[in-house]
Student: 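Before we start, here is the structure in question, set down as structure tokens.
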Amino acid sequence: MADPKGFMTTPRQEWPRRPVGQRVRDWDEVYVPGALLPIISKQADRCMDCGIPFCHQACPLGNLIPEWNDLVAREDWRSASDRLHATNNFPEFTGRLCPAPCEAGCVLAINQPAVTIKNVECAIADRAWEEGFTPPRPPERLSGKTVAVIGSGPTGLAAAQQLTRAGHTVAVYEKDDRIGGLMRYGIPAFKMEKRHLERRIEQMRAEGTKFRTSTAVGRDVPAAELRSRYDAVVIATGATAWRELEVPGRALDGIHQAMEYLPLANRVCEGDLEVSPLSAAGKHVVIVGGGDTGADCLGTAVREGAASVTQLDIYAQPDAERDEDTEPWPTYPKIYRLSAAHEEARELRTAPAADADARLFAASTLRFEGDERGNVRSLHLVEVDEQRRPVPGTDRTLPADLVLLALGFSGPDQEDGLIEQLGLALQPRGTIARDDGFATNAPGVFAAGDAARGQSLIVWAIAEGRAVAAAVDHYLTGSSSLPAPIRPTDRPMVV
């Protein structure tokens, strides 16, 4: 540790966001450009000599957090980049998109604000690109083995990069027209500009990874044919089967899934469309679901010029501080958090019906009502108690011209026929079954990421990609030196 008293003398300072009135007029990232590097060395200095770094356990990647904190404090950026990339293929993604369970596990967080681990990670990654510390790393020799990776989200890309660097010939198959999965069309640009994604894709191309876009395995290419052409197949298609809301009026026009809405807004940013067919401009928008996807819809609708935006969360509003009795350190607590989108909604007062930041907590949808032409016009809701039972006398109605369902995902989409054609066994909850080595019941076929684990965080997705790469490498060669940070049965630290 560079400063043994840093955590006592330096207060926590986060990467400042641009003014709300400025950032909602564009799709650029919400943070002030260039404002992180001047503060980050002092923030890294707050890392304690804690002896047992629980941040390691809180992050499934096993990031060497105290080591690169110390190196950043000393401004040894090259060494910090080496230590960061030793465990994480894409730290500029996680530094922007991960909710940072590592910070919940920071020892300093027992009685003080945690170290800004996520900001430090992002600063290292960005500095590494600026200084040229992340050149392509093509293999010295090829193994002669071939691998198909189906899906180009963080799991698929991490697996592909690890296997390519190990010397195997890897092709990534993506059903969309661009690489990136949900990072491309699900995550709004104001959370992560797509230039970060493009940069990594070009790095992977230079290393030898091949990409096949607009190719849905099972529909455009029979799964059995693909399996016969490659020595191994990795399924990393994600959990894209969205959950439904079965209430009266669901069939009305104007009610859409979040992942129908967000990709269109992202295509506008990509230049594919001038205006989204589902644009929120001038509409009263209600988002059903209180998670990150709902917040992404919120920020998107605000930028599209919605007349109002309200987000419904079926859970009660959490406390601002951790409840040590029910969620003791170092578990990741459910506390009240203010995302950039909620900050924007609060300042712009997008939801007159909400108390503060566009969210109505403990709210359950009863039904939708529409006009004579079949368009949704209102949403009826009721407050619920902790057991989700309606509270009498709390019914209310919200105007709704556009309703977005952000209720999460149940497992991989089976419409393309991939799972059926390979005869893959499924878990009761709909995810792909696999053994302790990430292998499915189909010989030579492995499954990783949300398709097998279920809906999770980006750090778990990358950890799954790295771990399945080690399993595939061992299957192809009989041994592997690739790191395997997690097992299929590993789970986050929870009570």
Side-chain angles (χ1 to χ4, degrees), residues 1-17 30-32 35-88 90-128 320-322 324 327-340 457-460 462-463 485 492-493:
M1 55 192 304
D3 183 356
K5 296 183 179 180
F7 67 96
M8 294 188 289
T9 60
T10 303
R12 178 181 170 106
Q13 186 178 2
E14 298 185 42
W15 193 355
R17 295 168 179 165
V30 300
Y31 297 103
V32 176
L36 183 56
L37 284 178
I39 66 172
I40 207 63
S41 293
K42 280 292 184 182
Q43 291 303 303
D45 248 344
R46 298 183 69 239
C47 187
M48 305 168 63
D49 185 9
C50 60
I52 301 177
F54 279 82
C55 54
H56 285 193
Q57 299 300 319
C59 177
L61 286 166
N63 283 331
L64 306 171
I65 295 166
E67 294 185 29
W68 40 257
N69 272 333
D70 178 66
L71 292 165
V72 168
R74 301 175 189 277
E75 299 195 359
D76 185 351
W77 293 98
R78 180 180 290 277
S79 297
S81 174
D82 291 342
R83 302 311 290 149
L84 178 57
H85 283 91
T87 58
N88 188 350
F90 314 121
E92 66 272 33
F93 301 170
T94 53
R96 288 172 167 84
L97 303 178
C98 181
C102 54
E103 293 187 16
C106 174
V107 172
L108 187 58
I110 294 175
N111 60 5
Q112 291 190 44
V115 176
T116 55
I117 298 170
K118 179 177 173 179
N119 283 179
V120 177
E121 177 182 31
C122 199
I124 298 170
D126 289 352
R127 186 67 176 263
E321 302 292 336
R322 180 199 296 270
E324 292 292 348
E327 296 178 305
W329 175 90
T331 60
Y332 188 75
K334 183 176 177 59
I335 61 175
Y336 179 79
R337 295 180 172 88
L338 194 68
S339 72
L457 305 178
I458 186 171
V459 281
W460 282 93
I462 296 174
M493 288 193 296

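Values in this document were obtained by computation on a predicted structure and should not be read as measured data. Note that these values count all heavy atoms, side chains included, but never hydrogens, waters or copies made by symmetry. Index from 1, following the sequence.
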Student: Can you find a heavy atom in the side chain of Thr10 that is under 4.5 Å from one in the side chain of Asp45?
Tutor: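 Not touching, per the 4.5 Å side-chain cut-off.
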Student: Please find the pair of heavy atoms, one from Ala35 and one from Pro16, that lie closest to each other, and give the distance.
Tutor: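 It is CB-CG, 3.7 Å.
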Student: Between Leu108 and Pro113, what is the shortest heavy-atom contact and its length?
Tutor: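 The pair with the smallest heavy-atom distance is CD2-O, 3.5 Å.
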Student: About how many Å separate CG of Leu71 and CD1 of Ile124, when rounded to the nearest 0.5 Å?
Tutor: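 One gets 8.0 Å once the value is rounded to the nearest 0.5 Å.
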Student: Strictly by salt bridge (Lys or Arg N to Asp or Glu O under 4.0 Å), give each pair with a member in residues 99-108 just once, sequence neighbours left out.
Tutor: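 The answer is Arg12-Glu103.
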Student: Take Trp77 and Glu75 through the test side chain to side chain contact (heavy atoms under 4.5 Å, CB included) and record every step on the way to the result.
Tutor: CA-CA 5 Å; Trp77 293 98; Glu75 299 195 359; 4.0 Å; yes
Student: Side-chain contact test, heavy atoms from C-beta onward, threshold under 4.5 Å: evaluate it for Ile39 versus Trp15 and give yes or no.
Tutor: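 Ile39 vs Trp15: side chains apart.
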Student: Would you say the side chain of Cys59 lies within less than 4.5 Å of the side chain of Pro485, judging by non-hydrogen atoms?
Tutor: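 A side-chain contact is absent here, since even the closest heavy-atom pair is not under 4.5 Å.
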Student: With distance as the sole test, does Gln43 use its side chain to make a donor-acceptor pair with the main-chain N or O of Gln13 at under 3.5 Å?
Tutor: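 Yes: the side chain of Gln43 pairs with the backbone of Gln13.
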Student: I want to check something: taking the side chain as every heavy atom from C-beta on, are Tyr332 and Pro99 in contact at a cut-off of under 4.5 Å?
Tutor: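 Yes, close enough: below the 4.5 Å cut-off.
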Student: For a quick test of reading the model, state the closest non-hydrogen atom pair linking Pro101 to Ala58 and the distance between them.
Tutor: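 Looking at all heavy atoms of both residues, the closest pair is O-CB, 3.3 Å.
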Student: About how many Å separate CE of Met48 and SG of Cys106, when rounded to the nearest 0.5 Å?
Tutor: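 Spacing of SG (Cys106) from CE (Met48) equals 7.5 Å.
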Student: State, with a plain yes or no, whether a side-chain heavy atom of Glu321 is found less than 4.5 Å away from one of Pro333.
Tutor: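 They are not in contact (no side-chain heavy atoms under 4.5 Å apart), so the answer is no.
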Student: Between Arg83 and Asp76 (salt bridge meaning N to carboxylate O under 4.0 Å), is one present in this structure?
Tutor: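 Asp76 and Arg83: not salt-bridged.
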Student: Mind checking whether Leu36 and Arg127 have side chains closer than 4.5 Å, heavy atoms only?
Tutor: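 Heavy-atom side-chain distance check fails, nothing below 4.5 Å.
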Student: What I'd like to find out is whether the side chain of Lys118 reaches to under 4.5 Å of the side chain of Cys102, using heavy atoms alone.
Tutor: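 When only atoms from C-beta onward are counted, Cys102 and Lys118 do not touch, as no gap falls below 4.5 Å.
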Student: Would you indicate whether the side-chain heavy atoms of Asp49 and Pro4 approach each other to under 4.5 Å?
Tutor: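 No; the side chains remain at least 4.5 Å from each other.
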Student: Calculate, to the nearest 0.5 Å, the distance between atoms CD1 and CZ belonging to Ile462 and Phe93 respectively.
Tutor: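 If we round to the nearest 0.5 Å, Ile462:CD1 and Phe93:CZ are 7.5 Å apart.
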Student: Answer yes or no: is there a donor N or O on one side and an acceptor on the other, between the side chain of Arg46 and the main chain of Ala114, under 3.5 Å?
Tutor: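 Yes.
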Student: Go through it in stages, so that I can follow the logic: the residues are Val107 and Trp329, the test is side chain to side chain contact (heavy atoms under 4.5 Å, CB included), and I'd like the CA-CA distance, side-chain angles, deciding distance and then a yes or no.
Tutor: CA-CA 9 Å; Val107 172; Trp329 175 90; 3.8 Å; yes
Student: Counting only N and O atoms by type, is there a donor-acceptor contact under 3.5 Å from the side chain of Glu92 to the main-chain atoms of Glu121?
Tutor: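 Checked: no pair found.
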Student: Closer than 4.0 angstrom, basic N to acidic O: yes or no for Arg78 and Asp82?
Tutor: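 The answer is no: the pair does not qualify as a salt bridge.
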Student: Nearest 0.5 angstrom please: Cys55 SG to Leu64 CG, how far?
Tutor: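 The SG atom of Cys55 sits 9.5 Å away from the CG atom of Leu64.
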Student: Give the minimum heavy-atom separation between Leu84 and Asn63, together with the two atoms involved.
Tutor: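 Closest approach of Leu84 to Asn63, heavy atoms only: O-OD1, 4.5 Å.
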Student: Kindly give the heavy-atom pair with the smallest separation between Ala125 and Pro91, and that separation in Å.
Tutor: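 Minimum heavy-atom contact is CB-CG, 3.8 Å.
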Student: Mark yes or no for whether Arg322, through its side chain, and Glu327, through its backbone, hold a donor-acceptor pair below 3.5 Å.
Tutor: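 Between the backbone of Glu327 and the side chain of Arg322 there is a qualifying donor-acceptor contact (under 3.5 Å).
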Student: Can you measure from CG (Asp3) to SG (Cys47) and round to the nearest 0.5 angstrom?
Tutor: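 Going from the CG atom of Asp3 to the SG atom of Cys47 covers 11.5 Å.
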Student: Any chance you could measure Ile117, atom CD1, to Thr94, atom OG1, to the nearest 0.5 Å?
Tutor: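 The CD1 atom of Ile117 sits 12.0 Å away from the OG1 atom of Thr94.
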